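Quantities reported herein were computed from a predicted structural model and do not represent experimental measurements. Keep in mind that the numbers below use all heavy atoms, side chains included, and drop hydrogens, waters and symmetry copies.
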Amino acid sequence: MKKIIILSLISMFYIGCEKKSEKRTQEEPLNIIFMIGDGMGLAQISTAFYFGKETPNFEQFKNIGFIKTPSTSHTITDSAAGATAFSTGEKTYKRAIGMSKDSLPLPTILETLQKEDYQTGFVTLTPITHATPASFYAHVKDRDLHEDIALDLVKSNVDFFVGGGLKYLKRRTDKKDLYTELIAKNYKLDSVSLSKFDVNKKNGYLLAEEGLPSKTEGRKSFLQDATQLGLDYFTKKGKPFFFMIEGSYIDWGGHAMDAELLKQEVLDFDKTIGLVLRYIKKHPNTLLVVTADHETGGVSIGKSYMIDEETGEKSEEVDNVSINFNNDQHSGTLIPVFAKGKGSENFQGIYENNEIYHKMFKAINNK
């Protein structure tokens, strides 16, 4: 009888420990990884299914929705207004960076979460002062004010960043050396390579005067390497984090009406998604959201034809498809949203782009 009682008490003790452990896990702040495939609409995503050698990582998502992208000033948005809607939860006018429709600064998700002791960071292939990354830390009236945006970077306290745009910090018209100012603010900076981070400092990598090379220019695995470096840094720090990762040149493929560039950039972005999904499996207290600010090129996937050089006749290639462009501009098509992890069910349905901000905070607050 004593044995039964002792065993019951031991069992109750372990069950109690498991429940306490489970409660602690539930109460831990949520990591958020936000991936933006700039210019990536449904047709761009579809190219991963037709031109990739493996099953696209997009197929791993079950919680999928769509966003409407108009800005307050234009039905067809740009990246600045689109990213500001993501970062602040408010729609704004075209070209605005972290500003309201009335040209007033709005707190961004990075700034708000920093007050909650979150680590923050971003990876981009463009200059770090470009519209999408800038909208997460800067507040300027026009996206082309790169030097003003760089001044805001110095004040932002972002813990980890990777991108180009070195000239906006070191070769400025006002002769300021913002690179040195960041070092004075306890940043470990590198303008040569993705070197090992210093866990006791904030880390920044400015690896091009302007933007990084595209895939067709030989970029190789840079986006995956930079993403992994950021994830390793945040994990080592042991604090919750918000990490924005931009696949920047999908948009450029649309503007250039360059099918090869577009498909290579989408495949590279999809590969980076796979890396992040593997991270989530090991760190389940993480939410991943993947979307785009807008679509570029009015892209469609259509029939592919061969032209007979002698007769000029064309015949359909039944096993191939072609990437077709309507124009070289942004379009107003609905944009897919893919979500995985805790709170991912909140991202189903059709809603405005600024709702992504509020849905991320809903996941953080576990409501």
Contacts satisfying salt bridge (charged side-chain N to carboxylate O under 4.0 Å, His left out) that involve residues 71-93 (not counting sequence neighbours) are Asp78-Arg143, Lys91-Glu352

In short, Val299 meets Thr296 closest at the heavy-atom pair CG2-O, 3.5 Å

Quiz item: Hey, are His130 and Thr132 close enough side-chain-wise for a donor-acceptor pair under 3.5 Å?
Solution: no

_Can you tell whether the side chains of Asp159 and Lys237 come within less than 4.0 Å, N to carboxylate O?_
no

Give a yes or no on whether the backbone of Asp225 and the side-chain of Ser221 come within a donor-acceptor separation of less than 3.5 Å.
no

Check the hydrophobic clustering (I, L, V, M, F, W, Y; side-chain heavy atoms under 4.5 Å; chains of links allowed) and say if Leu113 and Leu231 are grouped together. no

| Would you find a donor on one side and an acceptor on the other, under 3.5 Å apart, between the side chain of Ser156 and the backbone of Leu153? | yes

Residues pairing under salt bridge (charged side-chain N to carboxylate O under 4.0 Å, His left out) where one sits in residues 245-263, two or more places apart or in two chains, turn out to be Glu260-Lys263

Task: Working for ring-ring contact (aromatic ring centres under 6.0 Å, His included), residues Phe197 and Phe160 - done: CA-CA 9 Å; Phe197 56 77; Phe160 180 92; 7.6 Å; no

Just so I know, are the side chains of Tyr233 and Phe243 near enough to count as touching, which here means a heavy-atom distance under 4.5 Å? no

Practice task
Could you tell me whether Lys155 and Asp152 make a salt bridge, using a distance below 4.0 angstrom between a side-chain N and a carboxylate O?
Solution key: yes

Sorted by chain and number, sequence neighbours left out, side chain to side chain contact (heavy atoms under 4.5 Å, CB included) with Ser322 holds for Ser304, Asn324

| Taking atom OH of Tyr305 as the centre, does the number of heavy atoms from other residues, nucleotides or ligands within less than 6.0 Å exceed 12? | yes

Salt bridge (charged side-chain N to carboxylate O under 4.0 Å, His left out) pairs touching residues 100-119, sequence neighbours excluded, are Asp117-Lys239

Tracing side-chain contacts under 4.5 Å among Ile, Leu, Val, Met, Phe, Trp and Tyr outward from Phe66 reaches Leu334, Ile350

* Ser331 and Glu295: side chain donor to acceptor below 3.5 Å -> yes

Taken in chain and number order and not counting sequence neighbours, the residues that satisfy side chain to side chain contact (heavy atoms under 4.5 Å, CB included) with Glu217 are Pro213, Ser214

**Request:** Look at the side chain of Lys185 and the backbone N and O of Asn157, then say whether any donor-acceptor pair between them is shorter than 3.5 Å.
**Result:** no

CG (Leu30) and CG (Leu287) are apart, to the nearest 0.5 Å, by 5.5 Å

Checklist line | Heavy-atom side-chain contact between Phe49 and Ile301 under 4.5 Å | finding: no

Heavy-atom check, side chain of Phe34 versus side chain of Ile356, under 4.5 Å: yes

Requested in this report: Show the numbers, then the answer: is there a ring-ring contact (aromatic ring centres under 6.0 Å, His included) between Tyr137 and Phe122?
Outcome: CA-CA 10 Å; Tyr137 66 83; Phe122 63 86; 5.6 Å; yes

The complete set of salt bridge (charged side-chain N to carboxylate O under 4.0 Å, His left out) pairs with one or both residues in residues 41-60, sequence neighbours excluded, reads none

For the hydrophobic clusters of this structure (ILVMFWY residues joined by side-chain heavy atoms under 4.5 Å, transitively), does one cluster hold both Phe338 and Leu288? yes

Looking only at heavy atoms, the pair that brings Glu265 and Arg219 closest together is OE1-NH2, 2.9 Å

Point to revise | Distance-only donor-acceptor check, side chains Ser248 and Thr124, under 3.5 Å | key: yes

Joint cluster assignment, Val162 & Leu206, ILVMFWY side-chain distance < 4.5 Å: no

Sorted by chain and number, sequence neighbours left out, side chain to side chain contact (heavy atoms under 4.5 Å, CB included) with Ser193 holds for Asp190, Ser195

How about NZ on Lys62, more than 12 heavy atoms from neighbouring residues, nucleotides or ligands closer than 6.0 Å, or not?
no

**Request:** Verify, without hydrogens or angle tests, whether Gln224 (side chain) and Asp268 (backbone) share a donor-acceptor contact under 3.5 angstrom.
**Result:** yes

Original post:
Would you say the side chains of Tyr279 and Thr227 form a donor-acceptor pair under 3.5 Å?
Top reply: no

| Does one hydrophobic cluster hold both Ile45 and Phe325, with members joined at side-chain heavy-atom distances below 4.5 Å? | yes

Applying salt bridge (charged side-chain N to carboxylate O under 4.0 Å, His left out) to Asp308 and not counting sequence neighbours gives none

When you measure from the side chain of Thr72 to the backbone of Tyr93, do you find a donor-acceptor pair of N or O atoms at a distance under 3.5 Å? yes

Note: Ala226 and Val123 closest approach over all heavy atoms is CB-CG1, 3.8 Å

**Study point:** Heavy-atom donor-acceptor pair, Glu28 side chain to Asn285 backbone, under 3.5 Å
**Key:** no

>> Between Phe136 and Leu110, is there a side-chain heavy-atom distance shorter than 4.5 Å?
In response: yes

Sorted by chain and residue number, the ring pair (Phe, Tyr, Trp, His ring centres under 6.0 Å) partners of Tyr249 (sequence neighbours excluded) come out as Trp252

For this session: Spell out, as yes or no, whether a donor-acceptor pair under 3.5 Å connects the side chain of Asp293 to the backbone of Gly39.
Result: yes

Between the NZ atom in Lys68 and the OG1 atom in Thr333, the distance rounded to the nearest 0.5 Å is 14.0 Å

Check your understanding: Got Lys303 and Asn320 here, is their nearest side-chain heavy-atom distance under 4.5 Å?
Key -> no

Rounded to the nearest 0.5 angstrom, the OG1-CD1 distance for Thr291 and Ile67 is 3.5 Å

**Asked** Donor-acceptor pair, Asn203 side chain versus Lys201 backbone, under 3.5 Å?
**Response** yes

Requested in this report: Report yes or no: does Lys215 contribute a side-chain atom to a donor-acceptor pair with the main-chain N or O of Lys220 at less than 3.5 Å?
Outcome: yes

Heavy atoms of Gly164 and Leu212 approach each other most closely as N-CD2, 3.5 Å

Same hydrophobic cluster for Leu275 and Ile36, using side-chain heavy-atom links shorter than 4.5 Å among ILVMFWY?
-> no

Across all chains, not counting sequence neighbours, the side chain to side chain contact (heavy atoms under 4.5 Å, CB included) partners of Ala150 are Thr129, Tyr168, Leu169, Arg172, Leu178

By ring pair (Phe, Tyr, Trp, His ring centres under 6.0 Å), Tyr179 pairs with (sequence neighbours left out) none

Closest non-hydrogen atoms of Leu106 and His139, given as atom of the first, atom of the second and distance, are O-CE1, 2.6 Å

Of all heavy-atom pairs linking Ser191 and Leu207, the shortest is C-CD2, 3.6 Å

> Quick check: does any side chain N or O of His255 sit under 3.5 Å from a backbone N or O of Asp328, one acting as donor and the other as acceptor?
Replying inline: yes

